[in-house]
Amino acid sequence: MLADVERLVCKESPSSDVDAVAESADLVAELGTALLGVVPERVGPHVVWRLGDGPARVLVLGHHDTVWPIGSLRTHPFSVRDGVLRGPGCFDMKVGVVMALHAVASLADRSGVTVLVTGDEELGSPSSRGLVEAEAAGCAAALVLEAAAGSALKVARKGVSAYEVRAVGRAAHAGLEPELGVNAAVELAHQVLAVATLNAPERGTTVTPTLLNAGTTGNTVPAAGGFQVDVRVTSVAEQERIDRRMRELVPVLPGSALELLGGPNRPPLPESASAALFARAKRLGGELGLAPITGIAVGGASDGNFTAGVGTPTLDGLGATGGGAHADHEHVLVDDIPGRTALLAALIRELLEEDE
């Protein structure tokens, strides 16, 4: 498994680099074909194995793209020292991809298992969402190999919406005749404050203005600009409420105009979607002699949000233990890999047996 992880980590795959992600998908297909004995279907940068002749019953889901740019291996080389594995994308989530392939390969009967490894999850899954939802629909379970939260499984995830608020004003010389301009930066300042008031932590809702820009030069009244907004919610109703409020924004300055882009991206993964699978994982973990299996709700989203959104029971965070996703200290605890892989295999096996 470590040899496969090394090959995958050393094939850098930043989501926005089409060629790099395509090469990474080739490698995922090669590794999986060697283990499963079946050539996968390729859907762009996405790789899918549909095993057996019957209907799909369990979806095993992951992604091979990362946030790390080409060249990151020079500053963050692959290594395994003192039980800690490091390298760009190891925790999020190339170790999880290898775990998925090896777990499924260990099964005597794989009929009814679909393994889907996508190539654009870190971008919000723009080209794979439909594929993820289609493969999940009708399955008894979706098991997501995103990294654990430390060691805890992820039993709930917030839904995500993403917006860009754009303001259009009118340029003018800031020194000679600023009164002839309509200042888009000032308009944006009003809108940032209005958006910030939508934050409702008592409901589990965060509405956070983030990247902001306006204007062209230091002596020109800004004619245009915009800012992005990150929204995290615990319910579809709350996601819809925030969407309505965002669309009710109106300009404050005479002569200015607003444009709103974006909207809901991922529905919430509620705890109810994972409860039965989590209870099963805790029991199986005990039978395997693993440390007690724990669960946690997290603010980050994954493709598990989509599988839960189509009504498929979903358990997330079944991948690597460790930490530092997207950060310089990204790492995986090597000693936990075999046990976590065995847990995944046991979950799949039991789900298949019950659904026969």
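Starting from 1, each residue takes its place in the sequence as its number.
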Hydrogens and angles aside, do [X] and [Y] bring a side-chain donor and acceptor to less than 3.5 Å of each other?
{"X": "Ser302", "Y": "Glu146", "answer": "no"}
{"X": "Ser127", "Y": "His46", "answer": "yes"}
{"X": "Glu122", "Y": "Ser15", "answer": "no"}
{"X": "Arg203", "Y": "Ser235", "answer": "no"}

Intermediate values then yes/no, side chain to side chain contact (heavy atoms under 4.5 Å, CB included), Glu121 and Ser128: CA-CA 8 Å; Glu121 193 273 345; Ser128 64; 5.9 Å; no
Leu193: hydrophobic cluster co-members (side-chain, 4.5 Å): none
Closest non-hydrogen atom pair, Ser106 against Ala103: OG-O, 2.6 Å
Closest heavy-atom pair and its distance - Val195, Phe227: CG2-CZ, 3.9 Å
Arg349 bridged to Glu353 by N-O distance under 4.0 Å: no
Basic-acidic side-chain contact under 4.0 Å: Glu354, Arg280: yes
Value rounded to 0.5 Å, distance of [atom1] in [X] from [atom2] in [Y]:
{"X": "Arg245", "Y": "Leu198", "atom1": "CZ", "atom2": "CG", "result": "5.0 Å"}
{"X": "Asp303", "Y": "Thr118", "atom1": "CG", "atom2": "OG1", "result": "5.0 Å"}
{"X": "Leu277", "Y": "Leu315", "atom1": "CG", "atom2": "CG", "result": "5.5 Å"}
{"X": "Leu116", "Y": "Leu131", "atom1": "CG", "atom2": "CG", "result": "5.0 Å"}
{"X": "Leu269", "Y": "Thr307", "atom1": "CG", "atom2": "OG1", "result": "6.0 Å"}
{"X": "Ser24", "Y": "Asp65", "atom1": "OG", "atom2": "CG", "result": "8.0 Å"}

Pair Ser161-Met246, side chain to side chain contact (heavy atoms under 4.5 Å, CB included): steps then yes or no: CA-CA 11 Å; Ser161 300; Met246 290 294 296; over 6 Å; no
Mark yes or no for whether [X], through its side chain, and [Y], through its backbone, hold a donor-acceptor pair below 3.5 Å.
{"X": "Arg157", "Y": "Val298", "answer": "no"}
{"X": "Thr312", "Y": "Ala136", "answer": "yes"}
{"X": "Lys94", "Y": "Leu8", "answer": "yes"}
{"X": "Glu12", "Y": "Leu73", "answer": "yes"}
{"X": "Glu330", "Y": "Asp92", "answer": "yes"}

Derivation of the side chain to side chain contact (heavy atoms under 4.5 Å, CB included) call for Arg247 and Asp243: CA-CA 6 Å; Arg247 298 184 189 285; Asp243 190 64; 3.0 Å; yes
Full working for side chain to side chain contact (heavy atoms under 4.5 Å, CB included) between Leu27 and His64: CA-CA 10 Å; Leu27 178 56; His64 65 94; over 6 Å; no
Partners meeting side chain to side chain donor-acceptor pair (under 3.5 Å) with Glu133 (sequence neighbours left out): Arg129
Arg283 CZ: over 12 foreign heavy atoms closer than 6.0 Å: yes
